[in-house]
Structure formats: C-alpha cells, structure tokens
Amino acid sequence: MPDPGYFLTRCREELVGLLATQGTSVNATEVRDVEGGIDADLAVPLFRIAKERGESPQALAERLAGSLQLKGTRFASATALKGYLNLTFDKTRFAQEVIADFQRDPDRYGSTRTGAGRAIVIDYSSPNIAKPFSVGHLRSTIIGQALHNILSFLGFQVIGDNHLGDWGTQFGKLLSAFARWGSEAELESNPTAHLLSLYVRFHDEAKTNKDLEVEALDWFRRLETGDERARSLWQRFVRMSTDEFGRIYDLLGVKFDSMRGESTYEDRLSGVISRALAKGVARREKPTAAMVTGGDEVGPDETVVIIPLDDAGIETPLILQKSDGTSLYATREIATAEYRIERWHPEKMLYVVGKEQELYFRQFSAALAKLGINVPCVHVTFGLVRLPEGRMSTRAGRVVFLEDVISEAIRRAEVVVRDRDLTPEEKARISRIVGIGAIKYADLSQSRIKEVVFDWDRMLALDGDSAPYLQYAYTRTRSILRKAPDFVSSTFILHPSSFILPEELTLLKSLARFPDSIVAAAESYEPHRIAGRIYRLARDFSAFYDKAPVLKAETPELRDARLFLVEMTGKVLATGLALLGIEVTEQM
RNA sequence: GCGCCUGUAGCUCAGGUGGAUAGAGCAUCGGAUUUCUAAUCCGAUGGCCGGGGGUUCGAGUCCCUCCAGGCGCGCCA
C-alpha cells in the first residue's frame, strides 16, 4: 500500500501536475506555503521560469491563473500578483482531507514509513564515568533522544547507544588520586562528590607536582594490562557512576537500546591497530617530541601508531596508539564503529557530540573511510554550554550539576501549582513533568549549533515560548473534551461550511503543517523545527480558544466541528512534545 | 598564525535548497475574565539583519573582505 502522505504534500503534487498540463515545469519544493498577510494558501514564484522564456513574470502568472482548470482539484482560485501565482484551497475539501488524514491514525498523525527496513545508530549522552552529570551533558542526551523519537516515528529502526566513557587516561588520574588521598568511607557514603573532589585535587596538585601525570599514565597502563587492584577499583567507580546516571535518565525519561562502556571494546583494540598497519593505512613512527604532559625523555624504542590524513585534507594525523602502548579515544571509537556495523547493519551512524570535537570527527570519518568502512558517520554537532564566567570545567570544579537544575525546575513549577485544587501526588507529578519539560524545551527549541550561556531564568521559563505554554494548551483541550464525553472524533463527519471563523481555518492550517516539520527535523537532525511548529500550533489554538466557544457553539454541527479541532490539536501537541521527549498532563 | 562556527528589536531567539511588508518570547506601556483553567488572550512601543563591497529580476539567506565573540589545531576525551 502506498504511503498516502498528508494534505499539503498532496496539494503541492497536484499543483505541479496542473502546471505541467500548461507546459510549465516546477519542482514541488518551489511551491511555497504562504504565511503572511497575502490572501492565498500556496504560491509559486514564476521569476525563474519567466526568465527562461523571456517573458514577464506577471504576464506568465496571469496567463497561468487564467488557464488552470481548477474544477475538481483541491484549489478554489488562482490569481496572479507581482510575479507570483497564488492559489487558495477549496476550504471544505481542505478541512475534510486534513480531518481524514488525522482519522487514519490519530496517535501517529505526521508519521511515515520512509525508514521501513532501514537502521540508524545514534550515539548520544555518552557521559564520562566518575564525573558528575552536568548541564553540559544535557544537550547530547536530549537532542539524541529527540532524534531517536523522530526517526523512529518515520519508520526507521533506531538504535540508541550510550557509549559510556569508562576508559582512558582520566581513570589513571582518578586511580592515582584515590591511591594518594582516597577515603573508603567517603567513597561509600558520597561517591560522586568524593570522586569529583579527588579529580579536582589531582589537577590542582599536578600544576606543581609533575610526577602526578606520569603516575596517572602508569595507573592507566596498569588498568589496560589487567592489574588487579586497578581493575577492581575501576569497576567500583563504574558501578557508582552508572547508578547515578541511571537515576538521572529515569528522571529525564531518557532510554537507550544499548549502553556499553568504551572498555567493552578493549579486546578489539589490538586488531584495529594491526589491521590498520597491515592495510598500510597506519604507520609507526618515532614520537616527534617528549610527551607533553610528563616531560620525560622519549625512549629509543618508543613508537606511536598514526593514521596520516594529509591526502584527505587534514594536516593532523589520527593517533591510534600512544608511545607507552596504550590506546586512545579514537582507537576505541573505531572498534566501536566496527562493532555497531556488525551487529546492527545501520545505513548511517549519528554522533550527537559537541562542536569542540569537530576536527576529531573529521579525522575519525576520514580514517574510517581509509579503513574501508563505508557506513557514513554524521557528526550532529551542538554548541557548548558555558557559564557567564566562562566554560564549565570539571577539573576546576566549575560546573552546574544537572540534578540541581532539575530540582530547581521542579521547585519553580511547584510554586505555580501550589494553589490548585489537586492532590499532593498530582501536584508532585505535574511539577515534575512541567519542570523537566521546561528544561528540555529550552534546549530543543533553539538551533543546535549555537552555544548556550547557561541562565537559570531562561532555562526554567514557565511562560511565553516554553514547554509549559504548550502543556497548558494541551490541558485546555483535555478540559474541554472531558466535558463533551459524547463526542467521538473517529466517526466525525464535517458538514460543509461548518467553520465560520478565521481562527478555525488558521488552526486547521497549523495542524496541516505539522507533518512537514517532522520531515524537516529528521532531514536536518534539528528537533527545533518541530518545536517551532507546535509552538505556533499552541498559539493558534490559544487564539481560537479565546474567540470560539466550543461547548456553547451556536449549532450542534459547529460544536462538533470545533470539538474535532480541539481533539486533533490536543493529540498533535502531545505527539509533537513526545517527539521532543516532553510529557503532557491532563491538568495543570 | 591557520581552520571551523556564531553575529537579526533593550535581552534571549525563529527566519526550507535566495522570493512578496524580517517574526516570536521576555522586558516596558495599555486593554480583556458573571463564559470551556489568566502558566492565557488582544493591542502599542521597539530593526542601517555586525561594517563594507559584490552576484541577482530579487539577499537576513550566496561570494569576497574587515570587525567582534566562541571553539579547535599529534600521543585528553
């Protein structure tokens, strides 16, 4: 069965067909939605075609407007204005088709089967073990989760993989710090804070004591070569961190299909290196300088393994193996990619990782290509979250903990809900959903690439362009529908000319535009396209709500028509928010 | 020094592969509730779209250049 698509898509296709009968060839993407004050629903700018024919755009528009046969189409009128061909919808047919689109599958309005049989791996969240979960990690986590939701909605088989940072030199540092200053009692009673303080102290003392860095590298070597003390301590750190992360993921409603640490790929590392060497992609070379951190001499036999990338236009080579024989992030990342491809056969892999790693990902992609791995990797970048006083730094102890932000968000939501006539349990639940929604929406409603200066009030806004505004609009739809228990949307049939107010048609148009926003979000990996669309929908609904009485509409037909709009708006708001990972409540 | 990103209203941001008069939120000012929840709605004020060149019928959008900020540039992740 072919995908029936949605109203606007069908309109654009029909229009392209109509123009073709007049010998005018336009692409569906050239057909524009009309947003502003012009009295039209769709428009085709004719400047390009007119120029090709040496005709004036306005003359062409007038000729087309006069010759198009609109009888039996979705269009009621065609007019020419300033070089544009403007079309208006047949309002009854417009309404009927949008209604039918919704009735086809109300809970999945906007979904498609585009991705059927196609798999995509998304790497998101991927926090570092033994470090606190800061607001910095939030972006990857919720953008990744939103993309997971969106691509799944379009039929893709999506594998969300949380690639935990549980390996690397940082653990050498932590082990070294624990051996020197660690406390068993502290570790048990308050693991996160203790590990953080050890990490901070390490970097503090390392400024004056150069032995520490060398000691840390040695601890990591011991870890990678299977030293028992290092291993067991490391395992405890990992356990403590994953417990904490699990708590936060539950709170955020974030889920993964796979959650594996970098260490999982340990046994593949030597294979990665030897194969790269065997293929001639990588080579051994003498380190060019003493280690930046340690400052000790380079031994005569020491070598590093690098993949030169000059031919890919990247000057900096990718290092696979350090001079002490241990692995690097990139080595483990290649091993991970190989594993993912073997296991899930994705058509592409998305990495939701901060912009500061852009060069690294270009190296990584180039290296994979050289190794003959031809599954494309897309770096879904996002801007850094900074504090007003500068970037966050775990080392300097200058971080905002995500848990604190969540608590504050919930607290602010509680203030608003305090006087409502609801049970304490309901109030707690609503505050949680509203508070967390506000945090997520603040991030997902703006474009990814811009950096964010952390600001409590902005992140936790409960009015205006915010999640609570959308959630509130949803509760209004529910509130109305609770009072009309007899209304059934699935069998609703629109009586022609039921809609009489401009607000009704504006709302219906807003609903009709929702499916496009999902496709746009999926193609650009930008969830904010959906956020913008449903925010607009909520505004159009609020205006409608203010102007159009539903339960007390003038006629039963009008009441039902408006009830349908209310029902559909509620569902679409809930769907759109769900795609962003945001919940709704019946009351607020 | 080189590379990538960003610069739109007082503040925070939207502005499909270039299209009609650049839109929101916050803030400020003025209105709206005996009526489906006011976390709401309506209106007003507020713009050399960082500066300057260029391409085009048409530029916030593309190209060049300068300025400002952010990030990155071989053994961290």
Side-chain angles (χ1 to χ4, degrees), chain A residues 27 29-30 32-38 40 43 45 47-48 50-51 56-57 81-84 86 126 128 165 167-170 173 217 262 285 287-289 291-293 302 304-306 314-324 326 328-330 332-333 353-360 362-363 381 383-384 386 391 413 416-417 420 434 442 445-447 449-453 455 457-458 461-466 468-469 471-473 475-484 516 520 523-524 528-529 531-532 535-536 539 542-543 545-552 562 566 587-588:
Chain A
N27 194 295
T29 55
E30 291 178 86
R32 307 195 59 79
D33 271 13
V34 177
E35 294 272 4
I38 289 131
F47 306 95
R48 183 185 59 78
K51 193 178 184 182
S56 102
L81 183 65
K82 294 197 277 191
Y84 290 82
N86 289 335
S126 305
N128 289 323
W167 210 242
T169 314
Q170 52 173 341
K173 293 175 180 175
L217 288 169
E262 286 182 71
E285 70 172 32
T288 50
M291 287 193 307
V292 272
T293 45
E302 288 185 18
V304 291
V305 177
I306 64 159
I314 303 169
E315 286 180 23
T316 317
L318 192 66
I319 300 178
L320 287 184
Q321 189 177 51
K322 294 192 280 189
S323 54
D324 66 356
T326 59
L328 279 132
Y329 180 54
R332 303 189 283 273
E333 202 68 72
V353 176
K355 217 183 76 59
E356 63 275 14
Q357 290 193 37
E358 197 180 347
L359 172 62
Y360 164 74
R362 278 179 48 224
Q363 294 177 296
T381 59
L384 203 67
R386 294 193 308 138
R391 68 187 291 181
V416 182
V417 88
R420 296 281 194 277
V434 168
S445 63
Q446 63 179 291
S447 59
I449 36 175
K450 296 191 179 183
E451 70 174 52
V452 173
V453 177
D455 179 89
D457 291 337
R458 209 180 125 227
L462 302 178
D463 58 1
D465 186 0
S466 68
Y469 177 83
Q471 292 166 321
Y472 181 69
T475 65
R476 283 177 146 183
T477 69
R478 300 307 305 160
S479 178
I480 291 172
L481 291 163
R482 274 197 301 276
K483 291 173 182 163
D516 279 352
E523 284 175 349
S524 58
H528 83 284
R529 307 263 191 156
Y535 169 63
R536 186 58 196 264
R539 277 177 56 207
S542 295
Y545 181 92
D546 200 58
K547 269 276 170 50
V550 177
L551 299 173
K552 293 179 182 168
R562 286 180 179 166
V566 171
Q587 290 167 288
M588 276 173 71

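Predicted model, so just to flag it, every value in this text is computed and none were measured.
Donor-acceptor pairing under 3.5 Å, judged by distance alone, is absent between the side chain of Arg476(A) and the base of rA39(B). Between the side chain of Asp463(A) and the base of rA38(B) there is no donor-acceptor pair of N/O atoms closer than 3.5 Å.
Here Phe47(A) lies in heavy-atom contact (under 4.0 Å) with a base. Residue Val305(A) is out of contact with every strand shown, counting any heavy-atom pair closer than 4.0 Å. Heavy atoms of Leu384(A) sit under 4.0 angstrom from primed sugar atoms or phosphate atoms, though from no base atom. Note on Glu315(A): nothing from the nucleic acid sits closer than 4.0 angstrom, heavy atoms only. Counting any heavy atom pair closer than 4.0 Å across all strands shown, Ala548(A) reaches a base atom. Among the atoms of the strands shown, base atoms are found under 4.0 Å from some heavy atom of Leu551(A). Within 4.0 Å of Leu462(A), counting heavy atoms only, lies at least one base atom of the nucleic acid. Across all strands, Lys552(A) comes closer than 4.0 Å only to sugar-phosphate atoms, never to a base (heavy-atom distances). No engagement by Asn27(A) is indicated, since no non-hydrogen atom pair under 4.0 Å with the nucleic acid exists. Among the protein residues, Ser447(A) comes within range of the sugar-phosphate backbone only, with heavy atoms under 4.0 Å from sugar or phosphate atoms but none that close to a base. At a threshold of 4.0 angstrom between heavy atoms, the contacts of Gly168(A) are confined to the sugar-phosphate backbone, with no base atom among them. Across all strands, Arg391(A) comes closer than 4.0 Å only to sugar-phosphate atoms, never to a base (heavy-atom distances). Heavy atoms of Thr169(A) sit under 4.0 angstrom from primed sugar atoms or phosphate atoms, though from no base atom. At a threshold of 4.0 angstrom between heavy atoms, the contacts of Arg332(A) are confined to the sugar-phosphate backbone, with no base atom among them.
Interatomic distance, Glu356(A) CD to Thr381(A) OG1, rounded to the nearest 0.5 Å: 10.0 Å. With rounding to the nearest 0.5 angstrom, the OG1 atom of Thr477(A) is 9.0 Å from the CZ atom of Arg482(A). Atom CZ in Arg478(A) sits 11.0 Å away from atom CD in Gln587(A) (nearest 0.5 Å).
Look at Tyr545(A) and you won't find any side-chain N or O under 4.0 angstrom from OP1 or OP2 of rA32(B). For the pair Lys450(A) and rG70(B), the criterion of a side-chain N or O lying under 4.0 Å from OP1 or OP2 is not met. In this structure, His528(A) reaches the rG15(B) phosphate: one of its side-chain N or O atoms is under 4.0 Å from OP1 or OP2. Between Arg420(A) and rA39(B) there is a side-chain polar atom (N or O) within less than 4.0 angstrom of OP1 or OP2. Put simply, Lys51(A) has a side-chain N or O that comes within less than 4.0 Å of OP1 or OP2 on rC57(B).
Between the side chain of Gln363(A) and the main chain of Thr316(A), a donor-acceptor pair closer than 3.5 Å is present.
Comparing rG70(B), rC36(B), rC5(B) against the side chain of Val550(A) picks out rC36(B) as the nearest. Distances were taken from every side-chain heavy atom of Tyr535(A) (C-beta onward) to each of rC71(B), rG25(B), rG74(B); the shortest belongs to rG25(B). Considering only the side chain of Arg539(A), rA24(B) comes nearest among rA24(B), rG72(B), rA39(B). Comparing rC36(B), rC73(B), rA14(B) against the side chain of Lys483(A) picks out rC36(B) as the nearest. Across rA20(B), rC76(B), rU6(B), the shortest atom-to-atom separation from the side chain of Leu217(A) is found for rC76(B). The side chain of Asp33(A) has rG16(B) as its nearest neighbour among rG70(B), rA24(B), rG16(B). When the nucleotides rA20(B), rU12(B), rG72(B) are ranked by their closest atom to the side chain of Arg458(A), rU12(B) comes out on top. The Leu81(A) side chain lies nearest to rA20(B) when the options are rC71(B), rA38(B), rA20(B). Taking the side chain of Pro317(A) as heavy atoms from C-beta on, and the options rC5(B), rG74(B), rA77(B), the nearest nucleotide is rG74(B). The listed nucleotides are rG15(B), rC76(B), rC71(B); the one nearest the side chain of Glu356(A) is rC71(B).
Val434(A) pairs with exactly one of Val416(A), Leu462(A), Val417(A) by the side-chain contact (heavy atoms from CB on, under 4.5 Å) rule, that one being Leu462(A).
Spacing of P atoms, rA20(B) relative to rG15(B), comes out at 15 Å, to the nearest Å. For the P atoms, the distance linking rG54(B) with rU61(B) amounts to 14 Å, nearest Å. Annotation: rC66(B) and rC57(B) have their C1' atoms spaced 30 Å apart (nearest Å). Comparing rU56(B) with rG18(B), their C1' atoms sit 9 Å apart, to the nearest whole Å. Distance check on atom C1': rA22(B) versus rC5(B) gives 23 Å, rounded to whole Å. Only the C1' atoms considered, rC36(B) is 32 Å distant from rU28(B), to the nearest whole Å. Comparing the same atom, C1', in rG46(B) and in rU12(B) gives a spacing of 15 Å after rounding to whole Å.
Nucleotides of RNA chain B nearest to Lys82(A) and Gln363(A) differ in position, and the one nearer the 5' end is that of Lys82(A). Of the two residues near RNA chain B, Glu285(A) and Gln170(A), the one whose nearest nucleotide lies more 5' is Glu285(A).
Within 6.0 Å of atom CD in Glu285(A), more than 12 heavy atoms from other residues, nucleotides or ligands are found, so the atom counts as buried in its surroundings.
Rounded to an integer number of Å, the gap from Tyr469(A) OH to rA24(B) C1' is 11 Å. The distance from atom CD1 of Ile449(A) to atom C1' of rG70(B) is 13 Å, rounded to the nearest whole Å.
When side chains are defined from C-beta on, Tyr360(A) does not count as touching Val353(A), because their heavy atoms never get closer than 4.5 Å.
In RNA chain B, runs of at least 3 stacked Watson-Crick or G-U pairs (N1-N3 plus N6-O4 or O6-N4, or N1-O2 plus O6-N3, all under 3.5 Å) give these stems: B:1-7 with B:67-73, B:10-13 with B:23-26, B:28-32 with B:40-44, B:50-54 with B:62-66.
Nucleotide rG16(B) carries a syn base; the chi torsion (O4'-C1'-N9-C4 or O4'-C1'-N1-C2) is within 90° of 0.
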